[in-house]
Amino acid sequence: MTEGPGLRRDNFDWERFLELLGLMHRIRAFEEEAIAGQKEGLVLGAIHPSIGQEAVAAGVCGNLETADLMLSTHRGHGHTLAKGADGLAMMRELFGRKGGTCGGKGGSMHIADFGVGMLGANGVVGANIPIATGAAHALKLQGSRQIVTCIFGDGAVNRGPFMEGLNWARVFDLPVLFVCEDNNFSATTRTREMTGGAGAGARAESLGIETTEVDGNDLTAVDAAARAAIDAVRAGQGPRFLTCHTYRMTGHTSVDPAAYRPAQEVEEWRGNDPIARLEVALRMAGIEDAQLTELHRSEAAAMAEIARTARETDWPEAAGAFTDVQDVGDPRERAY
Amino acid sequence: MTEGPGLRRDNFDWERFLELLGLMHRIRAFEEEAIAGQKEGLVLGAIHPSIGQEAVAAGVCGNLETADLMLSTHRGHGHTLAKGADGLAMMRELFGRKGGTCGGKGGSMHIADFGVGMLGANGVVGANIPIATGAAHALKLQGSRQIVTCIFGDGAVNRGPFMEGLNWARVFDLPVLFVCEDNNFSATTRTREMTGGAGAGARAESLGIETTEVDGNDLTAVDAAARAAIDAVRAGQGPRFLTCHTYRMTGHTSVDPAAYRPAQEVEEWRGNDPIARLEVALRMAGIEDAQLTELHRSEAAAMAEIARTARETDWPEAAGAFTDVQDVGDPRERAY
Amino acid sequence: MTMSTYLEAGRRAVIEEMERDASVWALGEDLGRGGVFGQYKGLQEMFGTGRIADTPISEACIMGAAVGAAMTGTRPIVEMRFSDFALCAVDELVNQAAKARFMFGGQMRVPLVVREPVGMWRSSAAQHSQSLESWYTHIPGLVVVAPSTPADNLGLLKAAIRCDDPVVYMEHKNLWGLEGELPEGDHMVPLGKADIAREGRDVTLVTWSGMRQGCLKAAETLASDGIEAEVIDLRTLWPWDRDAVMASVEKTGRLLVVHEAVTVSGFGAEIAASVAEALHFRLKAPVSRLGAPRIPVAYAPTMEDEARVSPARIVAAVRKTMQPAEVS
Amino acid sequence: MTMSTYLEAGRRAVIEEMERDASVWALGEDLGRGGVFGQYKGLQEMFGTGRIADTPISEACIMGAAVGAAMTGTRPIVEMRFSDFALCAVDELVNQAAKARFMFGGQMRVPLVVREPVGMWRSSAAQHSQSLESWYTHIPGLVVVAPSTPADNLGLLKAAIRCDDPVVYMEHKNLWGLEGELPEGDHMVPLGKADIAREGRDVTLVTWSGMRQGCLKAAETLASDGIEAEVIDLRTLWPWDRDAVMASVEKTGRLLVVHEAVTVSGFGAEIAASVAEALHFRLKAPVSRLGAPRIPVAYAPTMEDEARVSPARIVAAVRKTMQPAEVS
Ligand SMILES: Cc1ncc(C[n+]2csc(CCOP(=O)(O)OP(=O)(O)O)c2C)c(N)n1
Ligand SMILES: Cc1ncc(C[n+]2csc(CCOP(=O)(O)OP(=O)(O)O)c2C)c(N)n1
Ligand SMILES: [Mg+2]
Ligand SMILES: [Mg+2]
């Protein structure tokens, strides 16, 4: 598990991977700032960090075009950043401030940035699957070349809408890539113990959808698998399914001590950090340590600055509670 | 399709099959009386005949013990009779009369007879799957040797609760046999066109459940397959799945002309009538024509008598509308 | 003016809006064969399988997919077949469709119409007879419409399809065959405006959907006794036409809300409470409500009728309201 | 008497009933690790994995399986985690659990308790903050309970578990840490009986769940102005204690219903309408209601507070009700 990705140096696109490494650092720095912010009482609601899972976000979303659509989960900071959302707007959203991606109305679990095709995290496990499928349905009706990517966890595959959505995507041959980010856990439960059969991929196959499984902590592997799947989807071959095996290094939420996991298992996965692994690969490709260190430092520094700015941002006006409810009918009718 | 079942005469249990033939005649006679009753305005709500599908009901339920539990669908007359419910009580239920299985409260779509382990038809497609799974869960908690059989249509496999229920049954290793009565249609829609992948069985396999497929118009084949599956379930081997391929000879409801089906297809299936096929087999086994004719006649006559009695039965008291609502709270509070 | 059924009026609304706006499409089970009541008859031939889409029996995904498709520039008409089956898709409607625009800070809208045929219909029993409109009026973000005449089914369905909010559109199964005149041309009925179905000075009956007819019948009976009932058909339940109701009750001093749904926590409670709050001192009699008892709908007609609001019951309830005021 | 939290009281109720009756069991996600709020902490160790069952994330099947298991001689406690997720299982609760006994002519009962933690809880936003109790009061067959003190959470949960009807049992997330005294022994609180949380002569506040505290605080403030509010905590919403409410309003002549849910079609409408119907001529002021505006709950506290019924808002609403009567 701690082996390098075994690269063939000659066709190793190090510039691209350096960029994706930067993205992974940015994601991690975002979540570290968010966790620190929560300890300080700046982040108000629950947050679900994806530390340790950054290669999935970077490897998948790094292959999408801005015009492509992507739907995420409660554990969606990484996907959102990787899709191109602005870190400051996201941090402001977590802090519940003006200028947040959703104007402070959504918070971490409902981050969305339609401007970059990020159609929303979701507080209901699996609920994004039919919605993503419908977005792809609309794209197909419109004759668009855009595609949709729908990311969800291993726990979501036990919800009915998972099957309904995948079946639908197959029946209508829709341009959608389903990505199961399998971190082995559903909150405090080991997902395998609640999952009959061989799991996510087998279910997708039974619904007629071609699947790939990949080491989700190996950025280069995720990148390659995602690119292949995305190319197929964009070529009109209908839905694809990709399972990325990974692990979350934190608890389910930032305040969950996660005592239900054996220390040794956590340690093993710590040795399998996707950022460290990509750094090893880049060093093998001849990138200097100094450059790698600087990349990390600069992303961390930028994020610290974002957090500083976010905390100094004003609160949204209370009156915003009454806007964007609906066009017809007056939401103030029973206001105080 | 019109071939006989290819019997080895020596281990052909003709007494048992004669009984099951009688049951199939009874089921058909019941539905023919019900359809006639509906034309006369005696059956008040919709009915979904299972004419042509009787071998599934007889072959599956013929292998259950009375103490075993069974859940059915909107197309459930056959299953209910085969599980041992009283034809007169059922006919009264369809006619909305006193002494109906549900006292006239349910009608065709909600027939139930808990006394013989028939835990209900259901008006919501697929809804019986989690309920059946839960019944099996209770049996396991109780250490019972009873098993549960859950029958549903091919259309139900596209509803999320199908996947949730099967997964659950596998995870908890429950004593439940799932039977997909695949009659090729979901109301007016050819199910295959709305179904991704290879269908019901493939989905069950992907959830870790062993499956069997069988010619559902061949009583002897259904009987054998059901017995094997039921034995395995009763032996504590967890859930099993059985697909029975069949065809409904009527429309979706008794008033649906079913013009969406090619006449030739209907004709072909008419030549594949499960009752006629079993009669051929029994003739091959040496049963006399006269005996077969008499069996048919006597079942039809008995059912005609049932229909006559049912139509002469009183209506239930209006006050029954307020009983069996709930123990706590007075349902009459807002009565007129 | 042409004569048309309520069913045919809904069909015409869909055709007109689909012709007008290429982003409108419909999805649901069996739509290719016209839908379960024939509301979509011939439409797949007119608009193709893309825009009149047959779906798997997957209510959660039908609703969820419509949410995604609505966010992505189309205007789906979601056919739920029976409102009872919409209970398989409540997360998708209530947690997703209704909240998305707000939750995501107004970045998009979810313009979809959910058609949910409601109500009692000859021995359909407990799982095919429900009227749960009050649920949807309770959910921020949703518009709720319940037409009761062919012309309104035309004009309101067209308005619902053009509305940028998610609209729960409840047609009554027992009205499919009802005939009435349809205006020619682009007939629109504004959302949120009630229809004064009958003028009267003595008592205000507020109603909607299948009960409009019953109220009008009851009003005829009452008229022969000299009681003139004003019948207000709300048409849209959220937002409901407060002005029309309040103006009428100010005039008559008496209110009876009549609906088919269970009385307890039915939408009649909202109207009765609102009127009592606003017009307490103008009322000549207590506000009153008439709906079904809190019982599931039974199959056998004797018992089924105990859950049915008949014209006779409306007449009786009005008479009670007209009794001389209790001395306080 | 021992001191206990609301959370711990619920846990004790489950333990006592599971010890008393071997057919009681609980099912839901993460129960083996105590459940998401710790309500089941240590219970799997006490009762084993069979009776404290971890489940897949399959709300529809959790509810549906409980229905089947309840029909088959067991008494399941269904844990829905947040009431919002129960929207993934509405068919199973409303079309199946609530109707089965009636629909099948009384052949069996469906004795299950659905625990649905409700309400607003520090920046939980639109999908984790809902209070939809009025929905369930509208559904024949369901009992609806919303405890607001530790002692009531003990006694009502025990009563709910022993009840043969399906019970929707709504604990308030913001009350988990609330401390209070618990009686020793087999403490039962009867379903359907309100608690007079405070006596008063001037105005009746009817409330439940998270709002009991706010009403009591508001009553203190009002008392210093000489306004004595009677606070009635309904505890059970269906059936609700009409007698207690009517008796109080007969005495005070004034009613304010206070709940956290959206006012429109909230359960306050049912109570206000019922009181207006029954006691119109005894009222000194119009019935009134205080709940949330019809908006989703926002994440940022400034906006979130616009959906929150505070003691100050209760005081203001009572003052309005106490104003001299308009001349009619
Ligand atoms: C329908 C629903 N049920 C339960 C929850 C509570 N919940 C939130 S996250 C979570 C675990 C999800 O596991 P998985 O899908 O593997 O995603 P991960 O958290 O591992 O990223 C659960 C049970 C929910 N949000 N929605
Ligand atoms: C959830 C739900 N959606 C739709 C319906 C309407 N409906 C009743 S039967 C049926 C077709 C079911 O097909 P299948 O499961 O194959 O059973 P069959 O009728 O062929 O026996 C449909 C769509 C329903 N009853 N419940
Ligand atoms: Mg996971
Ligand atoms: Mg079928």
Side-chain angles (χ1 to χ4, degrees), chain C residues 59-60 84-85 87-91 93-96 98-99 102-103 125-127 130 132 134-141 238 257 261-262 264-283 285-289 292-296 298-299 325-328, chain D residues 59-60 84-85 87-91 93-96 98-99 102-103 125-127 130 132 134-141 238 257 261-262 264-283 285-289 292-296 298-299 325-328:
Chain C
E59 281 74 11
D84 312 75
F85 307 153
L87 301 191
C88 303
V90 174
D91 172 57
L93 179 63
V94 169
N95 285 333
Q96 312 298 335
K99 296 177 175 46
F102 180 88
M103 205 157 60
Q127 291 179 336
Q130 290 168 92
L132 296 177
S134 77
W135 277 26
Y136 302 112
T137 62
H138 189 48
I139 302 300
W238 193 265
V257 192
V262 164
V264 174
S265 295
F267 192 56
E270 176 62 30
I271 294 166
S274 296
V275 168
E277 285 166 333
L279 300 178
H280 177 74
F281 296 106
R282 314 287 179 98
L283 289 171
V287 294
S288 56
R289 297 176 283 159
R294 198 171 175 278
I295 55 176
Y299 173 83
E326 178 190 348
V327 188
S328 75
Chain D
E59 279 75 11
D84 312 74
F85 307 152
L87 301 191
C88 303
V90 174
D91 171 58
L93 179 63
V94 170
N95 284 335
Q96 313 298 335
K99 297 178 174 47
F102 179 89
M103 204 157 64
Q127 290 178 337
Q130 290 168 92
L132 296 177
S134 78
W135 278 26
Y136 303 112
T137 61
H138 190 48
I139 303 300
W238 193 266
V257 193
V262 163
V264 173
S265 295
F267 191 56
E270 177 62 31
I271 294 167
S274 296
V275 168
E277 286 166 332
L279 300 179
H280 177 75
F281 296 106
R282 313 285 178 100
L283 288 171
V287 294
S288 56
R289 297 176 285 159
R294 198 171 175 279
I295 54 175
Y299 173 82
E326 180 190 347
V327 190
S328 78

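So you know, we letter chains A, B, ... as the sequences are listed, proteins then strands, and number each from 1.
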Top of C:G268, C:A60, C:A276 for chain D proximity - count of heavy-atom pairs under 4.5 angstrom = C:A276
Provide the closest heavy-atom pair for D:A126 versus C:M103 in the form atom of the first, atom of the second, distance.
-> CB-SD, 3.8 Å
Side chain to side chain donor-acceptor pair (under 3.5 Å) filter on D:D84, not counting sequence neighbours, yields D:Q130
Pairwise side-chain contact, C:L87 with D:L93, heavy-atom cut-off 4.5 Å (strictly under) | no
Applying a strict 4.5 Å limit to non-hydrogen atoms, the region of D:A125 in contact with chain C is neither
Closest heavy-atom pair, D:A285 versus C:F281, reported as atoms and distance to 0.1 Å, is CA-CZ, 4.3 Å
Shortest non-hydrogen contact from D:H138 to C:L132?
-> CD2-CD2, 3.8 Å
Max heavy-atom pairs within cutoff under 4.5 Å with chain C, candidates D:C88, D:A261, D:A272, goes to D:C88
Would you check if the side chain of C:R294 reaches a backbone N or O of D:I139 as a donor-acceptor pair within less than 3.5 Å?
-> yes
Aromatic rings D:W135 and C:Y136: how do their planes relate, parallel, tilted or perpendicular, breaks at 30° and 60°?
-> perpendicular
Heavy atoms only, distances under 4.5 angstrom: which of D:V90, D:I295, D:V257, D:L279 has the most pairs with chain C? Name it, please.
-> D:V90
Which one of C:A98, C:A269, C:S265 has the most heavy-atom pairs closer than 4.5 Å to chain D?
-> C:S265
How many angstroms lie between CD in D:E277 and CZ in C:R289, if you round to the nearest 0.5 Å?
-> 4.0 Å
Please look at D:I271 and chain C and tell me whether the side chain, the backbone, both or neither of the residue comes under 4.5 angstrom of a heavy atom of that chain.
-> neither
State the CD-CD distance between C:Q96 and D:Q127, to the nearest 0.5 angstrom.
-> 5.0 Å
Largest heavy-atom contact set with chain C, pairs under 4.5 Å, which of D:V264, D:D91, D:V287, D:L283 | D:V264
